[in-house]
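A short write-up of the structure that comes next.
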2 protein chains.
Amino acid sequence: MALFAGTFENKVDGKGRVSLPADFRAELPEDAGRFVYVFPSPKDDALEACDKPFLERMAAAIEEAPLFSEEEDDLGASIIAQARKAQIDETGRIVLPKDFMEFADISGKAVFVGRAARFQIWSPDRFEAHAKKARERMRGRTLTLKPKGGGQ
Amino acid sequence: MALFAGTFENKVDGKGRVSLPADFRAELPEDAGRFVYVFPSPKDDALEACDKPFLERMAAAIEEAPLFSEEEDDLGASIIAQARKAQIDETGRIVLPKDFMEFADISGKAVFVGRAARFQIWSPDRFEAHAKKARERMRGRTLTLKPKGGGQ
DNA sequence: TTAAATACCATGATATCCCATAGAAACCCA
DNA sequence: TGGGTTTCTATGGGATATCATGGTATTTAA
């Protein structure tokens with residue numbers, strides 16, 4: 001499974017073109033027509049992106065409707081409905097749809113944020129503010145991640 | 001599972017290159033494209049590093065929180081989003097990203113500290129101070145460590 | 001037939017690969 | 001067991017490939 005990690009800032013040109021960070025591209029299968037799915041984040045003022053397997057996983061979750069609340073069902077449906085396929089060109093760039101750029105307030109530069117199976121695309125300013133808040137919340141929170149197989 | 005043990009000090013050259021201690025390299029699987037994930041420690045003023053399985057376990061732990069929830073967001077943002085893939089070259093070196101070197105105040109030399117499933121990378125000075133404090137805390141404290149899996 | 005979207009080159013900066021070397025450790029064989 | 005030899009580790013430096021980015025040409029669509 002693709003594992004997107006790290007944070008990268010790239011330029012967005014007048015055509016809405018932006019390079020996908022090389023580390024992210026490396027996580028996508030060589031063969032398959034290279035593309036990612038992009039959709040507005042249901043929670044943040046940013047865009048989310050993922051590969052096909054991840055979107056399929058979400059779709060599968062929706063199929064099992066009884067297991068999920070109506071809320072989750074709606075959430076999944078709206079994601080699928082809004083998701084757009086973004087082709088990755090020869091030079092490793094995708095084109096951000098205009099309405100998506102407006103939604104996320106992106107112009108000039110975009111920040112790519114790895115989130116394991118998916119990644120986000122932020123306006124640099126908004127990301128800065130958001131990251132700051134997240135750090136503050138983390139401060140109070142004890143880090144008790146216990147990876148199986150025993151961390152420290 | 002990888003088991004990193006011991007403490008080693010290596011040079012960091014102008015390009016940010018530093019040799020991974022041979023003992024650490026030996027813990028990484030031959031086959032898989034050799035690399036480690038590096039990220040700023042959430043606790044210390046140092047860098048942490050681990051192999052892919054370990055990061056995947058952390059990602060899995062984070063995903064136990066509902067997708068798009070605040071908790072998932074904070075944890076993901078603080079670890080996955082910061083982790084960067086560091087390729088290990090033919091001579092056994094990795095490149096430390098500039099911003100990471102700044103964060104950990106590393107230049108010239110770096111100290112590798114084994115921490116079982118992961119390891120840390122310190123500035124020699126900071127590590128010295130940190131180790132001293134740790135020794136002081138240990139004094140007067142009863143050691144109660146119980147190896148899991150018990151009887152020999 | 002224009003505007004927009006897409007595919008196709010060009011380029012500087014950076015990162016990666018590759019070779020070279022000195023020293024340390026392991027080896028080995030009488 | 002000692003000396004000689006080989007191997008591996010850590011490190012330096014230069015050559016090369018890749019990345020991100022800008023621009024131009026060509027296709028598609030309205």
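Below, read A as the first sequence line, B as the second, and so on, with proteins coming before strands; counting in each chain starts at 1. The figures here come from the full heavy-atom set of this structure, side chains too, leaving out hydrogens, waters and symmetry mates.
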Next item on the list: Any chance you could list the contact pattern along nucleotides 2-16 of chain C? Use B for base contacts, S for sugar-phosphate-only contacts and - for none, protein heavy atoms under 4.0 Å, 5' to 3'.
Entry: ---SBBBB------B
How many Å lie between [atom1] on [X] and [atom2] on [N], as a whole number?
X	N	atom1	atom2	answer
B:F8	D:dT11	CZ	P	13 Å
B:K85	D:dT18	NZ	C1'	15 Å
B:D23	C:dA25	CG	P	12 Å
A:D13	D:dG23	CG	P	9 Å

Check: Of the nucleotides D:dT11, D:dA20, D:dG22, which has the atom closest to the A:R25 side chain?
Finding: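 Nearest listed nucleotide: D:dA20.
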Only counting residues at least two apart or in another chain, list the ones meeting ring pair (Phe, Tyr, Trp, His ring centres under 6.0 Å) with [X].
X	answer
A:F8	A:F24
A:F127	A:W122
A:F100	none

side-chain hydrogen bond (donor to acceptor under 3.5 Å, both in side chains) partners of [X], counting only residues at least two apart:
X	result
B:S107	none
A:R25	none
B:D45	none

Check: Looking for any heavy atom pair under 4.0 Å, which part of the strands does A:L20 touch: base, sugar-phosphate only, or nothing?
Finding: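 It contacts sugar-phosphate atoms only.
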Next item on the list: Under 4.0 Å between any heavy atoms, over every strand shown, what does A:I94 touch: base, sugar-phosphate, or nothing? Just pick one.
Entry: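 Nothing: the residue A:I94, judged by heavy atoms under 4.0 Å, touches no strand.
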Only distances under 3.5 Å count here; give the side-chain donor-acceptor pairs of residues 50-60 of chain A to other protein atoms, sequence neighbours excluded, each with its distance to 0.1 Å.
| unit_1 | atom_1 | unit_2 | atom_2 | d |
| --- | --- | --- | --- | --- |
| A:D51 | OD1 | A:F54 | N | 3.2 |

Next item on the list: Just jot down the salt bridge (Lys or Arg N to Asp or Glu O under 4.0 Å) partners of A:E27, sequence neighbours excluded, or say none.
Entry: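 So A:E27 forms a salt bridge (Lys or Arg N to Asp or Glu O under 4.0 Å) with B:K85.
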Item checked: Donor-acceptor pair between B:S123 and B:D125 side chains, under 3.5 angstrom ->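 No, B:D125 and B:S123 have no side-chain donor paired with an acceptor closer than 3.5 Å.
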Next item on the list: Taking only Lys NZ, Arg NE, NH1 and NH2, and the carboxylate oxygens of Asp or Glu, determine whether A:K43 and B:E70 approach each other closer than 4.0 Å.
Entry: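 Looking at A:K43 and B:E70, the cut-off is not met.
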Checklist line | Angle of first-five versus last-five pair axes in the helix from C:dT1-D:dA30 to C:dA30-D:dT1, to 10 degrees | finding: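 Between the axes fitted at each end of the helix from C:dT1-D:dA30 to C:dA30-D:dT1 lies an angle of 50°.
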Next item on the list: Please list, by residue number, the residues of residues 102-120 of chain A whose heavy atoms come closer than 4.0 Å to an atom of DNA chain D; answer none if no residue qualifies.
Entry: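 Residues of residues 102-120 of chain A that come under 4.0 Å of DNA chain D do not exist, since none gets that close.
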Note to self: According to salt bridge (charged side-chain N to carboxylate O under 4.0 Å, His left out), does anything in residues 102-121 of chain A pair up with another residue at least two apart or in another chain? List the pairs.
What the structure shows: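 Only A:E9-A:K109, A:E48-A:R118, A:R115-B:E72, A:R115-B:D73, A:R118-B:E72 qualify under salt bridge (charged side-chain N to carboxylate O under 4.0 Å, His left out).
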